[in-house]
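One structure is given below, encoded as structure tokens.
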Amino acid sequence: MLSSLLSLPPSRFPAKTFTTGATAANILGLACAREHAIASRLPSNAKDKTIAKVGLLKACIAAGVVDIKILTSKPHSSLVKAAKVLGLGEEGVVDVGQDGKPWRIDLDKLESTLQNAEENHTACIIAISCGEVNTGRFATAVFDMPKIRSLADRYKAWVHVDGAFGIFARVLPKTEEFLNLHACVAGMELADSICADGHKLLNVPYDNGIFFSRHPSTLTQVFSNPGAAYLAPSTTTLATQDEILSPLNIGLENSRRFRALPVYAVLKTEGREGMEAMFSRMVLLARRIASFVHSSEYYDLLPETDNYVEEDIFMIVLFRAKNELLNEVLVDQINQTGKMFVSGTQWQGKKAVRLAVSTWRVDVERDAKYVTGVLTEVAENFVV
Ligand SMILES: *Cc1c(COP(=O)(O)O)cnc(C)c1O
């Protein structure tokens, strides 16, 4: 049901599982990516010297690889954490973002970095920020994914998409007002792995992440639970299209709860139409707030661009107060009203407010009035 909702053809993504969240799903993705990066470089007389089999250090030596880099643009902190957990290190994460739009992948930078890495016996993983957490902007535009895919194939790189919240833009109706967003999530089906969060836009309780991969054999190679005969499921064989792989062998946990259940309930209750309507409402509310902020005498909409295009806004609104003193305390001032909750972040070295719309309860008219009312009240009541 999720594959269909996200237009990820099930035949293309035979491996899929639920995780505790997008952090864990990023770990699954990078673990597979790391396995692939080395396995694809092993000489034919040492094909069995995989990371899963002989360990990272020996596998790298067998493959003639001295380093593994993750090329990305403005990654979520959890992707860097995943890199640390997997022995790739914080410094293994390399920025290939555009100069003026740091959330967008710079394809020329990506290509030259891949080429340079190849010459220096360095294997690469490409990670797509499908939804940058501060701005809600996307790493790719409409024609980027096919180019990224062909670069990845040329340089034996795995493509992982961190789509924690952004991948759900694929569910929006294909109407004029959402075409810009559809362009940003086009081609995600070309990735090797994709992560998403259930406990964000799907509005299910915490402890719900989602992982898709095109490569069940890699996933099983990394995550199979070896030698525990007493746990062997009745079908240990790899997936044919209709088989369900045991979660025991494709994820982190041996024991886990039934995470698919709340997602099933949401999808069953809402159907595609209900989900489209729910995401549309979230986006339209975010746009109403963004447009208010953009034209406000008190606030600046971020990221600052020459031309504001409302259709580029997804469900996050990033902004700051024009008054520097107010800006210093803005997050607290907003949250202390008790009427809404925003989180604080940094943008270009300065404090900023990150407002994320992520609830099924959105009523665009009512909530636009409410939120803009709070923002006006906070600015007007501020006395130095
Ligand atoms: C929230 C988020 C994560 C981490 O998700 P958890 O579910 O909290 O583990 C990863 N990537 C992005 C883009 C996110 O927004």
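Numbering of residues begins at 1 and proceeds along the displayed sequence. One-based numbering, in listed order, for ligands and for the atoms of each. All values reported here derive from a predicted model rather than from experimental measurement.
- A distance limit of 4.0 angstrom between heavy atoms and ligand 1 selects the residues G21, A22, T23, N26, H76, S78, G131, V133, D162, A164, F165, D197, H199, K200.
- Partners of T345 by side-chain hydrogen bond (donor to acceptor under 3.5 Å, both in side chains), not counting sequence neighbours, listed by chain and number: N134.
- Each of V93, I70, V94 was scored for a side-chain contact (heavy atoms from CB on, under 4.5 Å) with P75, with one residue passing: V93.
- The aromatic ring centres of Y298 and F382 sit 6.0 Å or more apart.
- Between K174 and E276, none of the side-chain N atoms (NZ, or NE/NH1/NH2) sits under 4.0 Å from a carboxylate O, so this pair counts as no salt bridge.
- Note on R288 versus E365: salt bridge recorded, some NZ/NE/NH1/NH2 to OD/OE distance being below 4.0 Å.
- Ion pair E324/K350 flagged as a salt bridge, since at least one NZ, NE, NH1 or NH2 atom sits closer than 4.0 Å to an Asp/Glu carboxylate oxygen.
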